[in-house]
Amino acid sequence: MTAGSYWEATAGAIKEDRQLVGDARFDVAIIGAGYTGLSAALKLAACGVSVCVLDARRVGWGASGRNGGFCCFGGTKRNYPDLVRQYGLDETRRFVAYQCEAMDLVGERLASWDVDAARHSRGEVYLAHRPKDFEGFAPEAEYLNSNFGLGARVLSREEAARRGLSGPEFHGAMHVPQGFALHPLRYVLALAGKVRNLGARIFAHSEVTSMKREGSDWRLVTRLGSVRAPRVLLAGNAYSREGAPAWLSGRLLPVMSSILVTRPLSDDELSEQGWTSGLMAADTRTLLHYFRLMPDRRFLFGTRGGIFETPEALKRMQMRGRADFERMFPAWANVETEYAWHGHVALNRNRTAFTGPVPGMDGVFASLAYHGSGVAMASLCGEKVGGMILGQVKPQDLPLVLGSAPRKFPLPALRQLYLLGAYGWYGIRDR
C-alpha cells in the first residue's frame, strides 16, 4: 500500500525491511522509522550499541516520507516573544540557534552522503494574505534581526512580484534566509541506508502493540514477535499508537495536512501567474497554506485543516485544497493535479516539541511533537536523544523549550471536537 505521493513516484526503489518474527534482545529499541528514530539509531550504532528500529509500516511511511519537504524553522506553534516571556531571551536564542543547527545538520548529511534530494530555495518567504499582516512584517523583521540575527527582509507587494512571488492574495512578503527545500523521502531512505550499513536492524510491518516492564528490560510486543531492551525511544510522533506505552495516551493531537502536486508548468504558464521563484513559501493564515515551485517545474501546494479520515472527509479536504489553490493562483485553474495525498502532524498542549527522558519510566526516552515542521528538528533531536541514551548528552544541554514533557489533554477522547471548534475559530480569524 502506498500514500499516493509524488515522493513515492520519484524516490526510486524503496527497500522493504523484513518483519520481526520471534523474540529478540537489543541494547536499545526504537519505535518509529522516520527522521527521529533513524537519526537516533545512526548515533547509537556508530557507537557500537546494538539497536533495532520497529515500524508499523516501513521506513518513511509516516510524516518523514510524505511531508512538504520544507527543511526550515519549526518545533513550536508559539511565537518568539511568547517564548521569551516564559524562558527568557537567552534560552530563546539557544532555541533559535538549535533550529539553525538542525537545518545545517540536514544539509551536511545530504552533501556528505551525496544524496540527490532535489535541494533548492535559499530560505523561506512568508506572504501576507491581508494588508494588516504585511504591516506587521517590518516590526517582526526588526525583532528577529535585533534579537536573533536572522537577516529577515521585508518585500513590498511590488518587489515580491518582481522576484516572481505574485498572486492576488499576496500583499507583500518577509524573507528569512535560513532553510531549504528537499525531496523528503529520498532523504529518509538515505538515512535508513546509513543505519543499516552500521549494523542496526530495521523491522517493517512490526507495530508495537504493547510495552511493559520485565525485570531490568522493557518488553515490546508486535504481532509476530517481541523485543526486550533496557532502553527504549518513542519516536512515532503523529503515527504513534496510543497505549503503547500508556504514557502516550492523550498527550498528542494528530492533525491532517493535505498536499497536491501539479503537472510540470510551462514558461508561459509561470509568467502568466507571475510565480517564477523557487523559494519555499507560506501564507500568514493560522490554517496556513504552504507551497513551492519545484526544480522539475511542478508546483506543490499544501493545506491544513482536515480532521476526520473517512473517505468522504478526505475527498472534501482535497477538494478544499484544490479550490484554495485555484483561488490563490487563478492563472493555473486549469492545470491538472497529478498527485494528491495527506498525512498527519503532531501537536501537544505545550505547543512545543519534547525531547528527553519520559517521566516515571526508567530507561524510556521520547522525541516528538514537531508541530508540522519536523524535517530539521526531528533530525537533530533524534541525534541528541541518541546521545542522551548513551549518556553523552544531558537534557539540560538542549534548550529548555524542548524540555517539558507534554501534558495530557483534558478529556482526551474529545480531542477531535476541540480541533473542530478551533478550526472554526481560526477560519474566522484568518478572514
Side-chain angles (χ1 to χ4, degrees), residues 7 32 34-36 39 60 62-80 82-83 92 95-107 117 119 121-127 144 148 150 152 174-185 187-188 235-239 252-259 279-292 300-306 342-348 350-355 367-384 398-399 401-402 406 426:
W7 312 130
Y35 302 133
T36 303
S39 294
S64 296
R66 63 174 77 197
N67 64 80
F70 285 45
C71 183
C72 60
F73 287 100
T76 183
K77 282 298 181 186
R78 298 170 63 181
N79 61 40
Y80 291 137
D82 186 25
L83 294 177
T92 305
F95 180 56
V96 172
Y98 186 91
Q99 293 174 81
C100 292
E101 181 186 354
M103 291 181 271
D104 288 343
L105 173 66
V106 177
R119 176 175 174 171
S121 183
R122 184 174 179 272
E124 184 172 12
V125 65
Y126 305 97
L127 295 151
L144 294 175
F148 310 114
L150 295 186
M174 182 176 70
H175 177 232
V176 178
Q178 291 78 20
F180 56 91
L182 77 166
H183 190 303
L185 185 55
Y187 167 45
V188 75
N237 203 33
Y239 290 80
L252 296 178
L253 177 57
V255 302
M256 279 193 287
S257 191
S258 176
I259 297 175
L279 285 173
M280 302 183 293
D283 64 16
T284 48
R285 291 177 170 88
T286 304
L287 294 176
L288 60 80
H289 303 88
Y290 53 96
F291 36 91
R292 60 186 173 99
L300 178 149
F301 184 84
T303 61
R304 297 274 198 266
H342 74 282
H344 294 161
V345 301
L347 314 183
N348 64 19
N350 303 354
R351 294 184 293 147
T352 56
F354 168 65
T355 299
S367 188
L368 35 77
Y370 305 112
H371 291 80
S373 298
V375 176
M377 285 293 287
S379 299
L380 183 58
C381 287
E383 181 175 287
K384 294 295 186 182
L398 272 60
V401 175
L402 301 174
Y426 295 155

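FYI, the numbering just counts along the sequence from 1.
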Counting N and O atoms only, with roles assigned by atom type, does the side chain of [X] sit under 3.5 Å from a partner on the main chain of [Y], one being a donor and the other an acceptor?
X: Arg122; Y: Leu279; value: no
X: Ser257; Y: Thr303; value: yes
X: Gln99; Y: Gly74; value: yes

Give me the atom names and distance for the closest heavy-atom approach of [X] to [Y].
X: Val188; Y: Gly60; result: CG1-CA, 3.9 Å
X: Gln178; Y: Met103; result: CB-CE, 3.8 Å
X: Ala181; Y: Arg292; result: CB-NH1, 3.5 Å
X: Tyr187; Y: Ser379; result: OH-OG, 2.8 Å
X: Asn350; Y: Pro406; result: ND2-CA, 3.6 Å
X: Ile259; Y: Asn67; result: CD1-C, 3.8 Å

For the [atom1] atom of [X] and the [atom2] atom of [Y], what is their distance to the nearest 0.5 Å?
X: Leu83; Y: Phe95; atom1: CG; atom2: CZ; value: 6.5 Å
X: Leu398; Y: Leu380; atom1: CG; atom2: CG; value: 7.5 Å
X: Glu124; Y: Met280; atom1: CD; atom2: CE; value: 4.5 Å

Could you check if a side-chain atom of [X] sits within less than 4.5 angstrom of a side-chain atom of [Y], using non-hydrogen atoms only?
X: Phe73; Y: Cys100; answer: yes
X: Leu402; Y: Tyr98; answer: yes
X: Thr76; Y: His371; answer: no
X: Thr36; Y: Asn237; answer: no

### Task
Determine, stepwise, if the pair Arg351 / Asp82 fulfils side chain to side chain contact (heavy atoms under 4.5 Å, CB included).
CA-CA 11 Å; Arg351 294 184 293 147; Asp82 186 25; 3.7 Å; yes

### Message
Using the rule side-chain contact (heavy atoms from CB on, under 4.5 Å), only one of Glu383, Lys384, Met377 pairs with Cys381; which is it?
### Response
Met377

### Query
When the ring planes of Phe291 and Phe301 are compared, do they come out parallel, tilted or perpendicular, using 30° and 60° as the limits?
parallel

### Message
Please verify the inter-ring angle class for His344 with Tyr239; under 30° counts as parallel, over 60° as perpendicular, anything in between as tilted.
### Response
parallel

### Query
Can the ring centroids of Tyr35 and Tyr370 be said to lie less than 6.0 angstrom from one another?
no

